Amino acid sequence: MSEERLVTQITPKSEDFSRWYVDLIRRAELADYAPMKGMMVIRPYGYAIWENIQRLLDKRIKDTGHINAYFPLFIPESFLRKEMEHLKGFAPEVAWVTHGGDDELEERLAVRPTSEAIIGYMYSKWIKSWRDLPVLINQWANVVRWEKVTRPFLRTTEFLWQEGHTAHASFEEAQAETLLILEMYREFVETELAIPVIYGQKTEREKFAGALATYAIEALMSDGKALQMGTSHNLGQHFARVFNIRFEDNNQDLQYAWQTSWGVSTRLIGALVMAHGDDSGLVFPPQVAPIQVVIVPISVGNWRETVLPVATEIKNNLKNAGLRVFLDDRAEYTPGWKFSEWEMRGVPLRLEIGPRDVKNNQVVACRRENQVKITLEITGLETKVKELLAEIQRAIFDKALSFQKENTYEVEDYKEFKSILEEKRGFIKAFWCGSEECEAKIKEETMATIRVIPHPQGEQKKGRCLYCQKPASIAAVFARSY
RNA sequence: CGGGGAGUGGCGCAGCCUGGUUAGCGCGCCUGCCUUGGGAGCAGGAGGUCGUCGGUUCAAAUCCGAUCUCCCCGACCA
């Protein structure tokens, strides 16, 4: 097997990570640039991943008692203005609708950057009694944020996401919901996307505008930078006061509702690319791969008569077994070309079948994540393939987990902290005194931010603040991030 | 939003500095032959208002201005 790179249109990952990322997304046809700044088209191969993410996450959302609904794309300006902290957080990146046809609107409409305001308004109409609680609604939607710096999937002007919005009768319930979702995200991302995450609370500085507390899952990309992959906010009674969401409790006291909101977005697709991809291209975990198994018939001699019927039968059997399978029977490409192409596109398992294999009642299986080839009996192939896919899913996760472990450091010394950031990046655990000033200084001097304060904190060790060296009890995880 | 780089057939680029016939090259695409166990070979062919708008000039891909988009590096964010 040759080690040389076959898909040469893609910049090697080691040479220029950013360029590798963009090249790969375009070559693999996950997405393409639209002619408007910061906007992209999610192409069918990329959208198929989103559909898999939606399917797998939607099940978890519903299994935890939530239900889907859809709220309007436009939000009146006055609604956003009701919550100044929230507005300030989003103001620079709100897109405004000022005209309907040729007529200027009486009141500008915001294209939703997130839906707390409009949902808060609706909840105030729906919630009157403790019997109406909890309200557990999710929506799958697009949102718009006029970002200055954009990158496909990671930060685009418009993106797709799900946003959950719940209302509860007590702080404790809202807090439990916030953490339930955090755990749901963790389990989802690790199980289905095969990306190990760290999780915990965001600092005041990094939290969602208008929230009491923000929790997040964060993952390490293979260039050593961190990516926020999902957030879960305890909104307290903040929005309830602003939008007058009140209920009468069973003591006949009027109370403001306690709310949460939480979301993950199409950014997860970018995370898949950056967490697992290599110089040969994408590596998709079987659980979300658009195509789980590609069958490449070896086109020699009268292969249409000898090989193709067997390949077709295998395809049908795998399909009937519930797998996403594609038979690449195109005559105009050579087998070798197809091998490289499907590797580049991240298909977890390739089955090669030629005349020799047909004769021996076997296929050659090649795993994408480690390029190892093995021979499999055609008899009982469905079971074996399913086992292999499960193994591949595990192997991809394990590889990412070892990478994360190898690139997670614990430091006490600021100099060491800086040199790690310069040389290797990664997650760096260190104590922090809790002052915003130290946090800001560290960011200013090293570009690293506190990604999360792990939650729970584990055994209450104490140390000294990374920056000011005063006694500190908060163990934080720092990283440079996207 | 600052600093830097780029936009030329589908993709990657050359040409621009020093304006002047028909704008080249590689890959891809089309037709045919021959091939096919890791991106095959030969022959023929199609495809371009040089990002857009304006200016200078007898003449603009080339010079000047504006504008749009992308990439990289910094300040703000799923």
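Reckoned from all heavy atoms, side chains included, excluding hydrogens, waters and symmetry mates. As the structure is a computational prediction, the values presented were derived from the model and not from experiment. Every chain is numbered from 1 and lettered A, B, ... according to where its sequence line falls, protein lines coming before strand lines.
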Look through every strand shown and name the nucleotide pairing with B:rU56 as Watson-Crick or G-U wobble, where both distances are under 3.5 Å.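 Its partner is none (no Watson-Crick or G-U wobble pair with both distances under 3.5 Å).
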
Below 4.0 angstrom from OP1 or OP2 of [N], is there any side-chain N or O of [X]?
X: A:S18; N: B:rC72; answer: yes
X: A:K443; N: B:rC76; answer: yes
X: A:R27; N: B:rG12; answer: no
X: A:T334; N: B:rA40; answer: yes
X: A:Y33; N: B:rC71; answer: yes

Contact class for [X] vs. all strands (heavy atom < 4.0 Å): base, sugar-phosphate, or nothing?
X: A:L154; answer: base
X: A:G270; answer: nothing
X: A:M447; answer: sugar-phosphate
X: A:S261; answer: nothing
X: A:D16; answer: nothing
X: A:G354; answer: base
X: A:R155; answer: base
X: A:K37; answer: sugar-phosphate
X: A:V364; answer: base
X: A:V149; answer: base
X: A:R151; answer: sugar-phosphate

Using the [atom1] atom as the point on both nucleotides, what is the distance between [M] and [N], in whole Å?
N: B:rU8; M: B:rG47; atom1: C1'; answer: 14 Å
N: B:rA60; M: B:rG44; atom1: P; answer: 35 Å
N: B:rC64; M: B:rU22; atom1: P; answer: 25 Å
N: B:rA61; M: B:rA23; atom1: C1'; answer: 8 Å
N: B:rA78; M: B:rA40; atom1: P; answer: 46 Å
N: B:rU69; M: B:rU52; atom1: P; answer: 15 Å
N: B:rG41; M: B:rA46; atom1: P; answer: 22 Å
N: B:rG20; M: B:rG28; atom1: P; answer: 32 Å

Check whether [X] reaches the backbone of [Y] with its side chain - one donor and one acceptor, N or O, closer than 3.5 Å.
X: A:R367; Y: A:V372; value: no
X: A:R368; Y: A:L282; value: yes
X: A:K415; Y: A:S419; value: no
X: A:T64; Y: A:I61; value: yes

For the side chain of [X], starting at C-beta, report the closest nucleotide among [options].
X: A:C366; options: B:rG38, B:rA78, B:rU36; answer: B:rG38
X: A:S299; options: B:rG38, B:rU36, B:rC29; answer: B:rU36
X: A:W303; options: B:rG37, B:rU36, B:rG38; answer: B:rU36
X: A:R356; options: B:rG38, B:rG12, B:rG37; answer: B:rG37

[N] [atom2] sits how many Å from [X] [atom1], rounded?
X: A:K202; N: B:rC77; atom1: NZ; atom2: C1'; answer: 11 Å
X: A:K441; N: B:rA75; atom1: NZ; atom2: P; answer: 14 Å
X: A:R19; N: B:rG4; atom1: CZ; atom2: P; answer: 21 Å
X: A:E341; N: B:rG38; atom1: CD; atom2: P; answer: 17 Å
X: A:M344; N: B:rC11; atom1: CE; atom2: C1'; answer: 12 Å

Nearest heavy-atom neighbours spanning A:E422 and A:R480: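 Nearest pair, atom of A:E422 first, then A:R480: OE2-NH2, 3.0 Å.
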
Looking only at heavy atoms, which two atoms of A:W20 and A:G281 are closest? And how far apart?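 Smallest interatomic distance, heavy atoms only, reads CZ2-O, 4.4 Å.
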
Both A:V358 and A:R145 contact RNA chain B. Which one's nearest nucleotide lies toward the 5' end?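 With A:V358 and A:R145 compared, the 5'-side residue is A:V358.
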
Contact nearer the 5' end of RNA chain B, comparing A:E147 with A:D357: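 Here A:D357 is the residue nearer the 5' end.
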
Are any non-hydrogen side-chain atoms of A:I442 and A:F478 less than 4.5 angstrom apart?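 Heavy-atom side-chain distance check passes, below 4.5 Å.
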
With heavy-atom distances below 4.5 Å as the criterion, would you say the side chains of A:I118 and A:F74 are in contact?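 Side-chain contact under 4.5 Å: no.
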
B:rA78 base stacked by A:F159 (centroids within less than 5.5 Å, tilt under 30°):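 Check passed, A:F159 stacks on base of B:rA78.
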
Check: A:K338 side chain, B:rG37 base, donor-acceptor under 3.5 Å: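 A donor-acceptor contact between them is absent.
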
